[in-house]
Structure formats: structure tokens, C-alpha cells
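Both counts, for ligands and for their atoms, begin at 1 and track the order of listing. Each residue takes its place number in the sequence, starting with 1. Not measured: the values here are computed from a predicted model.
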Amino acid sequence: SAVDRFLYAMRLHDDQLEDISARFQAEMKKGLSAESNAAAAVKMLPTHVRSTPDGSERGQFLALDLGGSKFKVLQVKVREGMGIRKGGVEMEEKIYPIPKELLIGRGTELFDHVSESLKDFLQEKNINLEKTHPLAFTFSFPCEQPTLNQGLLLSWSKNFRLRGLQGKDVVQSLKGAIERTGGMNVDVLSMVNDTVATMMTCGFDDQRCEVGLIIGTGTNACYMEALRHVDLVEGDEGQMCVNTEWGGFGDDGALNEYITEFDRDVDAASNNPGKQIFEKMVSGMYLGELVRLVVLKMAKVGLLFDGFVSDALRTKGKITTANVANTRDILTGLGLTPSQDDCIAVQHVSTIVSFRSSNLVAACLSAILTRIKKNRSLRTLTITVGVDGTVYKTHPQYPKRLHKVVRRLLPESHVRFVLSDSGSSKGAALVAAVAQRLASRRKQVDETLFPFQMSQEQLHLVKSRMRADLEAGLKNKNPSTIKMLPSFVYHTPDGTERGKYLALDLGGTNFRALLVNFKKGLHQNTRLYHKIYTVPMEIMQGTGEELFDHLAQCVSDFLDYMGMKNAHLPAGFTFSFPCEQTAIDTGTLLTWTKGFKATDCEGHDVVNMLREAIKRRNEFDLDIAAVVNDTVGTMMSCAYEDPECEVGLIAGTGTNVCYMEDVRNIEKRDADAQRMCINTEWGGLGDDGSLNDIITPYDAEVDQNSLHPGKQRFEKLTSGMYLGEIVRQVLLDLTRGGLLFRGHVTEALKTPGIFETKYLSQIESDRLALLQVRSILQQLGLDSNCDDSIIVKEVCGAVSRRAAQLVGAGIAAVVDKIRENRGLEHLNITVGVDGALYKLHPHFSRVLHDTAKVLAPLCNVSFLPSEEGSGKGAALITAVAKQKDKDAGCKGQT
Ligand code: 0WK
Ligand code: 0WK
Ligand code: BGC
Ligand code: BGC
């Protein structure tokens, strides 16, 4: 017919619809990817709704539904409250008209109207104004949401064009208005787009509903996208609902060949020209205008009403979508006297306009469904689409036509359409219920982790307590928690050290044997060979004889490996446990620490025990000339590189520090040297209860289950042997509280030592996506979901951060003491460091540095990780000891 010819451009055939569907799929990709999102016409906004209703939502909520044709205030009771049939939702609502001028006024005025309406609703429904009411906010405009209850307005659309809110957080604006209205307490828990609320509403009864569609004043759709495709949100686990804002499809010209002159006219006359091109071809706000402009043109060219044009027909907005449905009375309303053919023709025009709208929606909807099918690599997709909007609800043929075209475009899929019968606020309330649960979980996790957060005051306290016990340990009257053990090392290396030495290194986790050869010339060319031997648990906790026999056997293996069985080398023995020394080559073990508990060792000289073990083997001989603590060995190793290194720090399985103390301060031991290196054994700080105000129940539990309860309390807050256990205790507690792993306390979680500290380092590395955190948890037999892994990462972070801060406070105490020892305003000093925690943990060293800098502002502390461990240091000390013997020897002679 004439109309068909006239509106040829509006009749879209399936191949065109498939083309539009393909274009829209491309637009979706553009909107989802981080690098092309900014310029994308279809914004694909993440909503932070990570799941459709799962049946656990409950609660009473107020709801605001703003942005559609009607502004509503509601109260929604989900699965609770008297008389609600099991599992039901009860809603009370009231529509509050919005005065036209408010739609184009100041944003704050609109929100004042909203909050005054809310107050009116509370009063009318006798809802207690004192109680704080959780509120779910549906706001149907494009908003960027950093979180579930924040929404930065990108732009207005439809008939809203207000000033002063673009780019602002509309949740804050609402809270501001509620504040201004006063007399009510409302907690805005979540803000959702009406498509999301519609999807959730329909998802309440139909688990398959994973798409929300609005064809009302405006048009839009949302759907559950795979999180791995949502670049703008961290994590690639599970799903997230994306608000496509497909109204903007075509704003970048992607639909130009489908745009007709009438569309251009509608756009030009709209309050946001160039924007929402797709919406202006589809939604209720514009269909009436399209019909009017087509009818006007046809009248002008004499195809209607014998070419008579009335003013009304020329007037914008005279034909609204509502009455496109029945033609006769609209034409009379326009002061026209239509003939029967005119009516049929006009009816045909509105049918074609409405047809095109449903076809375009079908095309883009099929694009979304195709994408979901691909995401899940399904051959056939069975899914439900939740729909709302006056066009869909009131245009008699619209739903049928839409369903038919979608099924024609996706013949192999089973697409069900569910009309959201009571508006979208039920869905909004379900989102709020999830937000409430997440918020309460968040609060409980924060409360659990709060004691691990060290305030500046607390860190200053730890620094001064450390300082006090360092001082006390140097005095010999009363025992101190920090033993301050003399090392008989009087100065750091001066580069004159020469010769070949064997270094034996019993650390926290393994035993190392090293051959170190100091050659003439620059110290770079120190040759060093080493071999690492494990120390099995049963040896660590067997008899002293077995332990030292094991060490002697390792040495024998190393000498074989080096072919130096008969070298009779001088050896330095790094022994990383508290030893009382009376000379450089003796050391009485005071107490085992870390994972060691070998019998008949404490109170014995560890050098003799090693010598006896070697004698027992009777196949090689060693001249053990020095025994040093690993902190001392580390300080010497690093001092060989940097003469300013006068402190040695171990942050590994255990923790400890040594430093060059002025002999005049070492009351319990005099020596005719200016300084001596003191092995502080600061791990014992707190053994007298001085740290009880920061020790948490989790720490107490770890101490109780440790090999040496009550001992090494500072070490048990800061070192690798224990951090994993502290994390496990916290995870246990959170799981028992139902906040983690769905409350399942598995055997794995109850297994001591399962959470090795190396996992902390892995879990906390920024590069590690949550997925990998989950696989680590999987390996540990902990079946977790995305949120669980987020919490586990947080717990690890809290525990390791505290450890680094406490060690930082300890270092600040040591370097400040050295500065004051030397009466310096300012001290430059280097700390030689070793230990897996310091070297491998992604954040430990930085937090340690920052804390030391803040707590010891007058000291410029640089940290030098030791390259080859403390072995070289032990060899250096052995070289010095041998040198002295020689000097003493020839002095003896002279
Ligand atoms: C009813 C929903 C509301 C949505 C509206 C859209 O409760 O959230 O905005 O449908 O349809 P309209 O009222 O614009 O036709
Ligand atoms: C390597 C040193 C060794 C020290 C160890 C501490 O060579 O003396 O005991 O570091 O680190 P851990 O092995 O306890 O992580
Ligand atoms: C808005 C969308 C909304 C849709 C339906 C559009 O104009 O940009 O956020 O979902 O209308 O109300
Ligand atoms: C020991 C120290 C050692 C530290 C680091 C502590 O348990 O008591 O002697 O330096 O661990 O290995």
C-alpha cells in the first residue's frame, strides 16, 4: 500500500535484524572491554549484582522507584512479617506524581520531592519514623556504579533533564535530600537500574530469569554476564549483571542506515539530540512522535486527509504512544476529519512504527541471548526474560510480535518472557537483601580483623617496649625477655679477609653447607659453593645426637661433593637459635625456638656437639673456629658489600635482629673494643606479658598449640613459622561464624600447619587473580567461592601487615638506640636482611620499610637483602677469628 511504500525504510527484514543483532554484539564487546569502554555508545555498566535471587533473601525494605512513567514509594516485605504465605513477598505502594517543572529543574529539588514523598508514605502507612529503615533505590538512568550503593549519573534520558547532578553520586544526593527532609532514618542499601530490578523481580519465581527488559517510556536491557568479560570489575570468577543501556546504540552512527528522516526529526526535536538513538526508534516516549511526523508528512504530500494539515498535527507531542493503540479518537483529537481509509492508513502507520520497535528490540535481545549462549558454550539456550514497561504492557500486539521475532531469530533457543506484574521494586528489595547480608558480613569481617590493625600509638608503644627491653637485656642484674647475647664479633669486615672457609648454616627450615673462598682484590670475586639439605621434622624433634649426626652427615656429603674430605678447613657455624657465648667459638644453646625441640641440647655447647658428631663419624675433621647467629652472619655478609651495614635482621621462619652495640653499654660483658655485635633475640619480647594488649585470641591459640607455649611471643606475631597458623585460626573463626566457606568447618581447616606462610605470599600477590587464590584454597582442600577468596586474601593481608609493622617498630627501636648511642642528630645506617618472609612476601618488606621510616624519622635506614645468606658472614667471622689466632699466635711468639 501507499503507507508501505512511504514507510518502506521502517520495515525491517530478518537479514537486517540479524545485521543489527551482529552490530549490537560488537557494541556489547566494545562496552565490556577496558580499552574501548570509554568511547563505546552502549555503555555496558557493571551493576555489582553477582547473582539472581537464590532464595535466601529476606527482610523488610522501603523502596523508591524513580525514572519510569510513575514515581512510586513502596514497602516490601520479603519472606518475613506477619501473614506472608511461606516464601512470599508483600508490597504496599503509592504513586507520587512528579510536577512537570521538577523534571527540568535542579537535581536537588527533584530529590527533595522524592524524600518528602517518602516521608509522606511513612506517615500514611504509620511506619515507625524512629527505626532505621533499609531502603532499595531503583533509579532508571545510566549510572556508573563503583559499588552496589553508589551511582554516578552519566546522563539524563527520557523526559528528565535536570541540572546539577550529572557526574554526581545520586545515592549521596538522595541521602542529602532525606537529611534535609529530616524526621526519618533511612539507610540506602542499594541502587539498581529498573532493568536489573525487573530481572530480579521475575527471578524470584523463575530461576532461569537472567535478562531484564524494559520497553516503557525508555528502553533498556540487562543480563548476567560472565565476570571474566567485565573488564571494569576485578575478578574473573562467577557472573555479574550488566546494565547494557542499549538506548545509546547508534549514538556513534552504528544504525545510520536504519535511521529514517522521521527518526532524525524526532532526535532533533528531543531534549538530548544525538543521544539515545536506539531508544528514540523504540520506546514509548518517541513512538507517538514518530507516528505524528509520518502522518504529518503524508498529509502534507496529500496521502492523508486530502492534504489538510491541522495545527494540532503540527504540534509536538500531540500524539502519544498511549493512544497509538486506537486511531480514530486520536485523529479527531487533532482536529482532523479522517476518512475510513485515513484511519486505516494511520492505524497502519502506527502498526509499522510499533512493529519496527518490537523488531529492533528482538534484534538486540537476540544479540544478548546469543552472547549468553556463547559465554556458556551452549548449543541451545533455555532462558527467561523478565519484562516491564507500558509499551510492552499496553500495546496489544507488542509482546506477541516481540516473542515471535525473537524465536524466529533464535530458533534453537527456548526463550520465556515473564511480565513483571508488580513493578520492579520486589527485585530492588531482593538486591537490597543481598546488599544487607554482604554489608553485615563485611562488618563482621572488619570487626574480626580490627585487632590486627596497628595504630601509630600502638606501634610507638611497641617501639618503646622494645627499646626498654633492649636496654634491660644489656644490664646483667635482672633477666630480660630480650636476652641481648654478646656475639664476640667486634667489627664488620674490612675487606682484608682471605682464604677458603667452610660455612655451616642451620637456619629455620634447612641446613646449608657452603665453601667460601675470599680472594685478593675487589671482594666481588668471592667464590662460593653451597648445598642445601633438609632437616626432617623427626630430626628437629629427635635427640640432640641424631640432629648433630644428621648435620655431620650433610657436611660429609658436601665435602665429598666438593672433593675436599681431607682439607681440614676452618669452619664457621651459623646456628640460628639463642646461644650464650663466652668466646667466638663456643655457644651454649639457651632454648630451642621455631620448629626445633631436639633433646639434650639446651644448656649444651652446640660447637662441641657438632665436633663430637664429626668425631663420631671419624672420616673428616673440621676446625670450627666460630659459631654465629644467623642475624650476625647476615649482618657480616651484607657489611662486606656495604660498610654502613651494622644491623642484621632475619624475617623468616623465625625473627631476630643483631646490631653493633657500644661495649660501654654492655654491662654484663666488658671487652677492650669500642663495639660488639649483640644478638638481641628480640623474639622473646612479650614473654613477660608486655604485648598482651595487642595479642589477639587467635595469637593465643597459636601460642598454645606451638612447641614452646609462652615463649617467643613477638616472634609468634611476626614470623613465617606462625603467620599461616594465625590466618588459619581466623579463617576457622569466620567459618564457624558462617561468614566463610558456607560455614563448613572442614578437616583441612582444622589441620595445624596446613596454611604455610608461603601461601600468604602467593595469595597476597597483586598479580594473582582471585581465581588463583581459589585454586590455592582448593589445593588445601578448601572449597571456596569468589567472596570467600576475597575474605581469605584480606585475612592474610591483615596478619602479614601487622607482622611487618611490628618488625618495623622493632627496627625503629634498634636504629634509634644506635643513633642515641652515638649522640647523633641524624643516623645513616644499613640493615642487612634475610629470611623467606622478607624476600618472598609481596608487601612485607615495603610495609616494614615504611613503618621504620615513620617511627624512626631521624634515621635514614636502608635495607640490603643478603645475596648468599649468612654463610659468607660466618666465613668472614671465621676468617677474622683465624686472623686473630694467627696474630695472637705470632704475638704469642713475639
Ligand atoms: C515499572 C517499573 C519501573 C520501570 C518502569 C518502566 O517498576 O522501575 O522504570 O516499569 O516502564 P515505564 O513506566 O517507563 O513505561
Ligand atoms: C638464610 C640464612 C640463614 C637464616 C635464614 C632465615 O642463610 O642463616 O636462618 O635465611 O630464613 P628462613 O629460612 O627462616 O626463611
Ligand atoms: C535509561 C535506562 C532505563 C530505561 C528504561 C533509559 O532511558 O537510560 O537506564 O533502564 O530508560 O527505563
Ligand atoms: C631464633 C634466633 C634466630 C631467628 C631467625 C629465632 O627463633 O631464636 O636465634 O636468629 O629465629 O632465624
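- Residue-ligand proximity: Met721 is placed with every non-hydrogen atom at 4.0 Å or more from ligand 4.
- The contact set between ligand 4 and Thr593, taken as ligand atoms under 4.0 Å from a residue heavy atom, comprises 1 (C), 6 (C), 7 (O), 8 (O).
- For Asn220, a nitrogen or oxygen atom sits less than 3.5 Å from a nitrogen or oxygen atom of ligand 3, counting backbone and side chain alike.
- Considering Ser140, Ser157, Gly218 only, the shortest heavy-atom separation from atom 7 (O) of ligand 3 involves Ser157.
- Residue Gly869 approaches ligand 2 through these ligand atoms, each under 4.0 Å from one of its heavy atoms: 7 (O).
- Taking a 4.0 Å cut-off on heavy atoms, Arg512 registers as neighbouring ligand 2.
- For atom 10 (O) of ligand 4, the nearest protein heavy atom (residue, atom name, distance) is Asp630 OD1, 2.5 Å.
- By the criterion of a heavy-atom distance under 4.0 Å, the side chain of Asp505, and not its backbone, is placed next to ligand 2.
- Using a non-hydrogen distance threshold of 4.0 Å, Pro142 registers as a contact of ligand 3.
- The shortest N or O to N or O distance between Asn243 and ligand 3 is not below 3.5 Å.
- Atoms of ligand 2 lying under 4.0 Å from at least one heavy atom of Ser576, given by number and element, are 9 (O).
- The single protein non-hydrogen atom nearest to atom 9 (O) of ligand 2 is Asp630 OD2, 2.8 Å, given as residue, atom name and distance.
- Remark: Lys426 NZ to Cys202 SG distance equals 8.0 Å, nearest 0.5 Å.
- A tilted orientation is assigned to the rings of Phe511 and Tyr533, their planes being inclined by 30° to 60°.
- Of all protein heavy atoms, the one closest to atom 4 (C) of ligand 4 is Asn656 CB, 3.6 Å.
- Using the six-membered ring where Trp is involved, Phe137 and Phe139 have ring planes that are tilted, between 30° and 60° apart.
- Cation-pi geometry between Lys594 and Phe577 is met: under 6.0 angstrom from the ring centre, within 45 degrees of the axis.
- For Gln145 (side chain) and Gly151 (main-chain N/O), no donor-acceptor pair under 3.5 Å exists by modelled atom type.
- Proximity of Thr219 to ligand 3, defined as any heavy-atom pair under 4.0 Å, is confined to the backbone N, CA, C and O atoms.
- At a heavy-atom distance under 4.0 Å, only side-chain atoms of Asn629, from C-beta outward, approach ligand 4.
- In this structure, Leu723 and Leu717 have side chains that are not in contact, with every pair of non-hydrogen atoms separated by 4.5 Å or more.
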* His843 vs Glu764, side-chain hydrogen bond (donor to acceptor under 3.5 Å, both in side chains): CA-CA, chis, key distance, verdict -> CA-CA 8 Å; His843 308 303; Glu764 285 185 63; 4.7 Å; no

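- Across Met281 and Leu287, no two heavy atoms sit closer than the pair O-CD2, 3.9 Å.
- Scanning all protein heavy atoms for the shortest distance to atom 15 (O) of ligand 2 gives Ala836 N, 2.9 Å.
- Every atom of ligand 2 is numbered from 1 in the order shown, and the set under 4.0 Å from a heavy atom of Gly507 is 9 (O).
- Scanning the protein heavy atoms around atom 13 (O) of ligand 2, the nearest turns out to be Thr509 OG1, 3.2 Å.
- Under the 4.0 Å distance rule, the nearest protein heavy atom to atom 5 (C) of ligand 2 falls outside the cut-off.
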* Might you work through the salt bridge (Lys or Arg N to Asp or Glu O under 4.0 Å) test for Glu602 and Lys597, ending with a clear yes or no? => CA-CA 9 Å; Glu602 288 169 343; Lys597 201 174 178 135; over 6 Å; no

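- Below 3.5 Å of separation, one finds an N or O of Thr653 facing an N or O of ligand 2.
- The aromatic rings of Phe575 and Trp592 sit tilted relative to each other, their planes meeting at an angle between 30° and 60°.
- Counting only heavy atoms from C-beta outward, the side chains of Asp703 and Arg713 approach each other to under 4.5 Å.
- In terms of protein heavy-atom proximity, atom 12 (O) of ligand 3 is closest to Asp194 OD2, 2.6 Å.
- Scanning all protein heavy atoms for the shortest distance to atom 1 (C) of ligand 2 gives Asp834 OD2, 3.3 Å.
- If you check which protein heavy atom lies closest to atom 8 (O) of ligand 4, you get Glu681 OE1, 2.7 Å.
- The ligand atoms of ligand 4 that sit less than 4.0 angstrom from a heavy atom of Glu715 are 6 (C), 7 (O), 11 (O).
- With ligand atoms numbered from 1 in the order given, ligand 2 contributes 6 (C) to contacts under 4.0 Å with heavy atoms of Ile650.
- Without hydrogens or angle criteria, Thr201 side chain to Ser424 main chain gives a donor-acceptor distance under 3.5 Å.
- A heavy-atom distance below 4.5 Å is not found between the side chains of Ser270 and Lys275.
- Using a 4.0 Å cut-off between charged nitrogen and carboxylate oxygen, Asp263 and Lys280 do not count as a salt-bridge pair.
- For the atom pair CG (Asp194) and CE (Met199), the distance works out to 12.0 Å, reported to the nearest 0.5 Å.
- In this structure, atom 11 (O) of ligand 2 lies nearest to the protein heavy atom Gly835 CA, 3.2 Å.
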